A.B. asks: 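There's a structure below that I have some questions on.
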Number of protein chains: 2
Amino acid sequence: MAQQTEPVRRTPLTRDRVLRAAVALADETGIEALSMRKLAQELGVVPMALYKHVANKEQLLDGMVDVVMSEIDPPAPGADWQGAVRRRVLSARRAFLGHPWAAQVLQSRTSPTPVVLAYMDSVIGMFRTGGFSVDLTHHVMHALGSRMMGITQELFDASPNPDPRPGSAAPQEDAGQFPYVTELAGAVAHDAGSVVGQGCDDQFEFEFALNLLLDGFERLRQQGWSSASRSRDNGR
Amino acid sequence: MAQQTEPVRRTPLTRDRVLRAAVALADETGIEALSMRKLAQELGVVPMALYKHVANKEQLLDGMVDVVMSEIDPPAPGADWQGAVRRRVLSARRAFLGHPWAAQVLQSRTSPTPVVLAYMDSVIGMFRTGGFSVDLTHHVMHALGSRMMGITQELFDASPNPDPRPGSAAPQEDAGQFPYVTELAGAVAHDAGSVVGQGCDDQFEFEFALNLLLDGFERLRQQGWSSASRSRDNGR
DNA sequence: ACCTGAACACCGTTCAAGT
DNA sequence: ACCTGAACACCGTTCAAGT
C-alpha cells in the first residue's frame, strides 16, 4: 500500500550534489573517514546510487578537487608578471587552506582535470606574457611544483613532533642526539612568543619561499637564461 | 605425530626481516598492493605474527622509510656549504628514486623517525656551520621542504596526461582550450628528441630548482637577512 | 529499462580460545 | 605465557535478481 516506505527525496541526486556533499563530509570528518558508503548514507541513498554520477571513488576525488578549485579568484588583469603570479597562487592557497584534506587529495591525483589544466594554463600564460621563453617557463613551472597551487608538503614540521604531552620520552636525549634540530626547534618555539606549541607561521614560510623563487625566476629571465646553458649551472 | 606440519622456518622473524621483506614487496608490487596480510604470506607467517615486530601498519611504513634512508651516503667532510648540501640532497634523491613508493610514503608520515631526524640534523648543521643564522636556517629549511630529502611532488606532469593511446579525445580541442599548456607540452615533447612520450628530464628539473634555491639562500646569507626584515619582502 | 540488495574479495586489528 | 584462528567492522565494486 505505502508506495514510498521512505519520505520522498525532493532534490534528486546530481553529480553536483554528490560532490558538494563529499566536500562537506570531508571538511567535517576528515578525508580518511570519507567512504562511498558513508557518503551515500549522508545523502540518504543506497551506495550503488552514487555510481550513476561518478564512475568510481577516483572520479569522486577529482570532482572534489574541482569544487575547491572553483573557489579560486579569477585572475586579475594588469600588473607585472610577479604580482600576477603571486596573487593567483596566494588565492589558490586560500582555497586549499579552507579544506585541509584538499592538498593531499590533489597530490594523489594521477592526471589533471580540465579545471586544473585551466588554472595551470593561466599561470603559464602569466610567465609567457611576462617575457619568459617557452623553455624557461617550462623549468620554472617545475621549480614551482605544487607551490603553483598554493600548497607545500610540509614534511612533518621543522620543529619535530611538538608532542604536547609533558614527560614524553627523552627531551634531553634528543638535545644531545640532534643538536641542530634542537637549536632550531628551541628558537622557533621562543620566537612564537606567548604560546609555545604552534611555533611557526606557515603563511610567512610559504611566501618566503615563493618570493625567493619568483626573484630567482626574474633574474634568469633578465639574463636571457636558456637550457642550452645547462653546463653553466643556472648561470652561477 | 608430525610435530611440525610446516617445514621449519630456520630464520626467525625479526623486525629487520619484516622491514626488508616489506621493502622488497613494495618494490615489486607497488605500495598500494602492500598489505599486512600479503606481507605475512610472503614471509610464510600468519598475519598476527607481524604484530610482535611492528605495532601496526603505520610503524611498518616508518620502518620502511628508515630502510631507504639507510641507503643515503654519509655526509662527506670539507667543501663549501652549498656543495655539501647539494651532494647530500642528491644522494638522498638517489636512495628514494630506487624505491618509487618511498617518496609518497615519507610524505604520509606524521612525525619523523630518529633516522629521519638525524638526516635533517646533518643538513641543518651544514647551513649553521656555513654561516647561516638560526633564523635564516629555519626559513631556508622550510623553503627546501621535501626537496631536502631529494624528492618533489611532481603534480602530475608539466605535460598533461601523455596518454599514449592514439585517437584519444580532443587533441585539438585542448589546443584551443589550453593554448599555453599545449605550447609547453609541444616544446617539451619536441625537446626530448627522438622518442616522444617521456618528455622531460626529472633530474635536470630537480637540480635546476635546487640550484635556484641554494643560490637564493646564499644571496640572503651574504646580505645578513633576518626575519626582522619581513616587510622588506626577502630584500627585494 | 531501471534500480538495488546481497555478495565478493578484500582490508587492519581485536580477542578469545587453544596449546 | 605464548601463539593464532576466527571474527569484527569495515572497504570499493560487481552482479544477478527483482520491479
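Note that this is a predicted model, so its numbers are computed, not measured.
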A.B. asks: Using a strict cut-off of less than 4.0 Å between a Lys/Arg side-chain nitrogen and an Asp/Glu carboxylate oxygen, indicate whether E71(B) and R94(B) qualify as a salt bridge.
C.D. replies: no
A.B. asks: Is E207(B) salt-bridged to R86(B), cutoff N-O under 4.0 Å?
C.D. replies: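 Between R86(B) and E207(B) there is no salt bridge, as every charged N stays at least 4.0 Å from the carboxylate O atoms.
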A.B. asks: Using side-chain heavy atoms (C-beta onward) and a distance below 4.5 Å, is R93(B) in contact with M149(B)?
C.D. replies: no
A.B. asks: May I have the distance from L43(A) (atom CG) to dC3(C) (atom C1'), rounded to whole angstrom?
C.D. replies: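 Distance check: L43(A) CG to dC3(C) C1' gives 17 Å.
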A.B. asks: Show, in sequence, the C-alpha distance, side-chain angles and deciding distance for D62(B) and T113(B), and conclude whether the side-chain hydrogen bond (donor to acceptor under 3.5 Å, both in side chains) test is met.
C.D. replies: CA-CA 7 Å; D62(B) 279 344; T113(B) 64; over 6 Å; no
A.B. asks: Please state the P separation for the pair dG18(C) and dC8(D) - nearest whole angstrom.
C.D. replies: 16 Å
A.B. asks: Does the pair D73(A)/R87(A) count as a salt bridge with the N-to-O cut at 4.0 Å?
C.D. replies: no
A.B. asks: Whole-Å distance between dG12(D) P and L39(A) CG?
C.D. replies: 10 Å
A.B. asks: Between C1' on dC11(C) and CG on L50(B), what's the gap in Å once rounded to a whole number?
C.D. replies: 14 Å
A.B. asks: Rounding to an integer number of Å, can you tell me how far R37(A) CZ sits from dG5(C) P?
C.D. replies: 13 Å
A.B. asks: Are H142(B) and F204(A) an aromatic pair by the rule of ring centers under 6.0 Å?
C.D. replies: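 Ring-ring flag for H142(B)/F204(A): false, centres at least 6.0 Å apart.
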A.B. asks: Take the protein atom NZ of K52(A) and the nucleotide atom P of dC3(C), then report the distance between them rounded to whole Å.
C.D. replies: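 In whole Å, dC3(C) P lies 3 Å from K52(A) NZ.
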A.B. asks: How many whole angstroms separate atom CD of E32(B) from atom P of dA9(C)?
C.D. replies: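 So the two atoms are 20 Å apart, to the nearest Å.
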A.B. asks: So does K57(B) get a side-chain nitrogen or oxygen closer than 4.0 Å to the phosphate oxygens (OP1/OP2) of dC11(C)?
C.D. replies: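 So the side chain of K57(B) is outside the cut-off, no N or O lying under 4.0 Å from OP1 or OP2 of dC11(C).
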A.B. asks: Counting side-chain heavy atoms from CB outward, which of dT13(D), dG12(C), dT4(C) is closest to V46(A)?
C.D. replies: dT4(C)
A.B. asks: In terms of side-chain heavy atoms of M36(A), which of dG12(D), dC11(C), dG12(C) is nearest?
C.D. replies: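 My answer, after comparing the listed nucleotides, is dG12(D).
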A.B. asks: Can you check the distance between dA9(C) and dA9(D), where both ends of the measurement are the P atom (answer in whole Å)?
C.D. replies: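 Going atom to atom, P in each nucleotide, I get 22 Å.
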A.B. asks: Name the stems that DNA chain C belongs to, where each is three or more consecutive Watson-Crick or G-U pairs with both distances under 3.5 Å?
C.D. replies: C:4-8 with D:12-16, C:12-16 with D:4-8
A.B. asks: Rounding to an integer number of Å, can you tell me how far L60(B) CG sits from dC11(C) C1'?
C.D. replies: 14 Å
A.B. asks: Can you tell me how far P of dC15(C) sits from OH of Y51(B), to the nearest Å?
C.D. replies: 13 Å
A.B. asks: Please work out if M48(A) contacts a base, only the sugar-phosphate, or nothing of the nucleic acid, heavy-atom cut-off 4.0 Å.
C.D. replies: base
A.B. asks: For A40(B) and P47(B), which heavy atoms make the closest approach, and how far apart are they?
C.D. replies: CB-CA, 3.5 Å
